[in-house]
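The figures here come from the full heavy-atom set of this structure, side chains too, leaving out hydrogens, waters and symmetry mates. Keep in mind the model is a prediction, meaning the values are calculated, not measured.
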Amino acid sequence: SAIFRALRSRDQPPVILKPLRTSFPTAEHRTRLRQEFALVSALSDPHIIHYHAFEDAPDSPFLVEEDCDAVALVHLMPAEGFTLEMSIWVDS
C-alpha cells in the first residue's frame with residue numbers, strides 16, 4: 001500500500017490515507033484491507049495507531065488512520081545506510 005497525508009473534510013484533523021498500490025484491486029485485496037481494519041480497530045492501546053475507517057471506494061479501497069506525525073524510516077536512514085555491530089550481553 002501507499003501512504004498519503006490528508007485532512008479529514010468534516011472536522012479537519014490530520015489523517016493518513018492508506019490505499020492499495022494496484023490499479024485493479026481484487027476481492028482478496030479488499031478482504032485483506034477490511035481484515036486489517038477489523039483487527040487493529042479491535043485493539044485498545046495508546047501505543048497503537050487508531051484506524052478511523054475502511055473506505056471501500058470502487059476504484060481503490062483505502063484505510064483512514066490517525067496521523068501521529070510519524071516520519072517514515074526511509075527518511076531517517078543515512079544515505080550510506082547503517083553499520084551493524086555485534087554486541088554480546090554478559091549477565092553478571
Side-chain angles (χ1 to χ4, degrees):
S1 50
I3 303 292
F4 298 97
R5 285 200 151 106
L7 293 176
R8 192 166 56 187
S9 59
R10 71 171 176 216
D11 51 359
Q12 299 299 301
V15 293
I16 297 291
L17 303 179
K18 186 177 171 186
L20 297 169
R21 284 189 182 205
T22 179
S23 299
F24 304 101
T26 64
E28 183 179 337
H29 290 126
R30 292 176 192 281
T31 299
R32 185 171 46 88
L33 269 187
R34 196 176 284 115
Q35 287 175 336
E36 180 179 340
F37 175 73
L39 286 170
V40 175
S41 295
L43 301 173
S44 176
D45 187 289
H47 299 100
I48 296 175
I49 293 175
H50 177 73
Y51 282 30
H52 295 293
F54 167 73
E55 299 291 338
D56 198 3
D59 54 342
S60 181
F62 61 94
L63 296 171
V64 180
E65 307 172 9
E66 74 176 320
D67 186 348
C68 62
D69 206 27
V71 177
L73 182 58
V74 70
H75 299 299
L76 298 175
M77 291 177 49
E80 65 278 0
F82 294 111
T83 60
L84 297 177
E85 295 179 15
M86 187 170 162
S87 298
I88 299 174
W89 281 89
V90 178
D91 191 13
S92 49

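- Residues Ile48 and Phe37 share a single hydrophobic cluster, defined by chaining ILVMFWY side chains whose heavy atoms lie under 4.5 Å apart.
- The closest side-chain heavy-atom distance from Leu20 to Leu33 is below 4.5 Å.
- The shortest non-hydrogen separation linking Phe62 to Pro19 is CB-CA, 3.6 Å.
- Side-chain atoms of Pro14 and Leu7, non-hydrogen and from C-beta on, do get closer than 4.5 Å to each other.
- At least one side-chain heavy atom of Asp69 sits under 4.5 Å from a side-chain heavy atom of Arg5.
- Hydrophobic clustering (side-chain heavy atoms under 4.5 Å, transitive across Ile, Leu, Val, Met, Phe, Trp, Tyr) groups Leu43 together with Phe54.
- Here the NE2-CG distance, from His52 to Leu63, works out to 11.5 Å after rounding to the nearest 0.5 Å.
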Side chain to side chain contact (heavy atoms under 4.5 Å, CB included), that's the test. Do Val64 and Leu17 meet it? Break it down for me. CA-CA 5 Å; Val64 180; Leu17 303 179; 3.9 Å; yes
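- In Gln12, the CD atom is crowded: over 12 heavy atoms of neighbouring residues, nucleotides or ligands sit closer than 6.0 Å.
- Here the side chains of Lys18 and Tyr51 are in contact, with some heavy-atom distance below 4.5 Å.
- Between the CZ atom of Arg30 and the OG atom of Ser60 there is a distance of 7.5 Å, given to the nearest 0.5 Å.
- Not a single ring pair (Phe, Tyr, Trp, His ring centres under 6.0 Å) links His29 to another residue, sequence neighbours left out.
- Looking only at distances, no side-chain donor or acceptor of Glu65 sits under 3.5 Å from a matching main-chain atom of Ile16.
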Test side chain to side chain contact (heavy atoms under 4.5 Å, CB included) on Leu76 and Val71; report intermediate values, then the result. CA-CA 8 Å; Leu76 298 175; Val71 177; 4.0 Å; yes
